[in-house]
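Shown next, in structure tokens, is the structure this report addresses.
Note that the structure is a prediction, hence the values are computed from the model and not measured.
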Amino acid sequence: MRGARQQQAVRQAVEQGRYVPLKSVVQDALRRYPGQLLEVELDDGRYEIEILGANGVVMELDYDATSGRLLKMEED
């Protein structure tokens, strides 16, 4: 049940404008590093996105959930 409550809290934060929509962050991540989306997490106010590139490298991109700003991009 914890997951459902967390999802509702995130939806509410997006609706209230406290977090940027995940869709826009994922679109930006895939533009920066095209590939297959593997995983998306929200942890401590950060969206963590993992993408498998065509070269076989998994890249992790971290975004600030409140601003949508890319914080870091590194091989995972």
Side-chain angles (χ1 to χ4, degrees):
M1 198 60 142
R2 180 176 177 247
R5 264 185 270 142
Q6 184 180 19
Q7 284 182 340
Q8 181 59 32
V10 171
R11 275 193 211 102
Q12 188 175 19
V14 170
E15 289 171 4
Q16 293 172 348
R18 292 184 289 130
Y19 285 173
V20 297
L22 178 60
K23 181 179 180 177
S24 64
V25 174
V26 169
Q27 286 174 339
D28 183 74
L30 288 169
R31 182 184 54 77
R32 291 175 188 267
Y33 192 74
Q36 179 184 352
L37 183 64
L38 296 178
E39 184 178 5
V40 176
E41 289 182 19
L42 177 62
D43 186 32
D44 249 356
R46 290 182 176 203
Y47 288 122
E48 298 174 359
I49 300 171
E50 290 186 1
I51 299 172
L52 173 63
N55 58 0
V57 174
V58 175
M59 191 67 68
E60 181 178 316
L61 295 88
D62 291 356
Y63 288 83
D64 183 297
T66 58
S67 68
R69 186 174 61 90
L70 178 65
L71 300 172
K72 78 175 180 183
M73 183 171 161
E74 66 184 13
E75 286 186 22
D76 193 36

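The shortest non-hydrogen separation linking Leu30 to Gly35 is CD2-O, 3.6 Å.
With sequence neighbours left out, Lys72 forms a salt bridge (Lys or Arg N to Asp or Glu O under 4.0 Å) with Asp62, Glu74. Contacts of Leu37 classified as side-chain contact (heavy atoms from CB on, under 4.5 Å), with partners at least two apart in sequence or in another chain: Val26, Val40, Ile49, Ile51.
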Only distances under 3.5 Å count here; give the side-chain donor-acceptor pairs of residues 10-18 to other protein atoms, sequence neighbours excluded, each with its distance to 0.1 Å.
| residue | atom | partner | partner atom | Å |
| --- | --- | --- | --- | --- |
| Gln16 | OE1 | Arg18 | NE | 2.8 |
| Gln16 | OE1 | Arg18 | NH2 | 2.9 |

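Val58 belongs to a hydrophobic cluster whose remaining members, ordered by chain and number, are Leu38, Leu52; membership requires side-chain heavy atoms of ILVMFWY residues under 4.5 Å apart, directly or through intermediates.
Screening residues 45-59 for side chain to side chain donor-acceptor pair (under 3.5 Å) gives Tyr33-Asn55 as the qualifying pairs, with residues at least two apart or on separate chains. Contacts classified as side chain to side chain donor-acceptor pair (under 3.5 Å) and involving residues 21-32 (residues at least two apart or in different chains) are given here: Asp28-Arg31, Asp28-Arg32, Asp28-Tyr63.
The closest side-chain heavy-atom distance from Glu75 to Met59 is below 4.5 Å.
In Asp44, the CG atom is not crowded: 12 or fewer heavy atoms of neighbouring residues, nucleotides or ligands sit closer than 6.0 Å.
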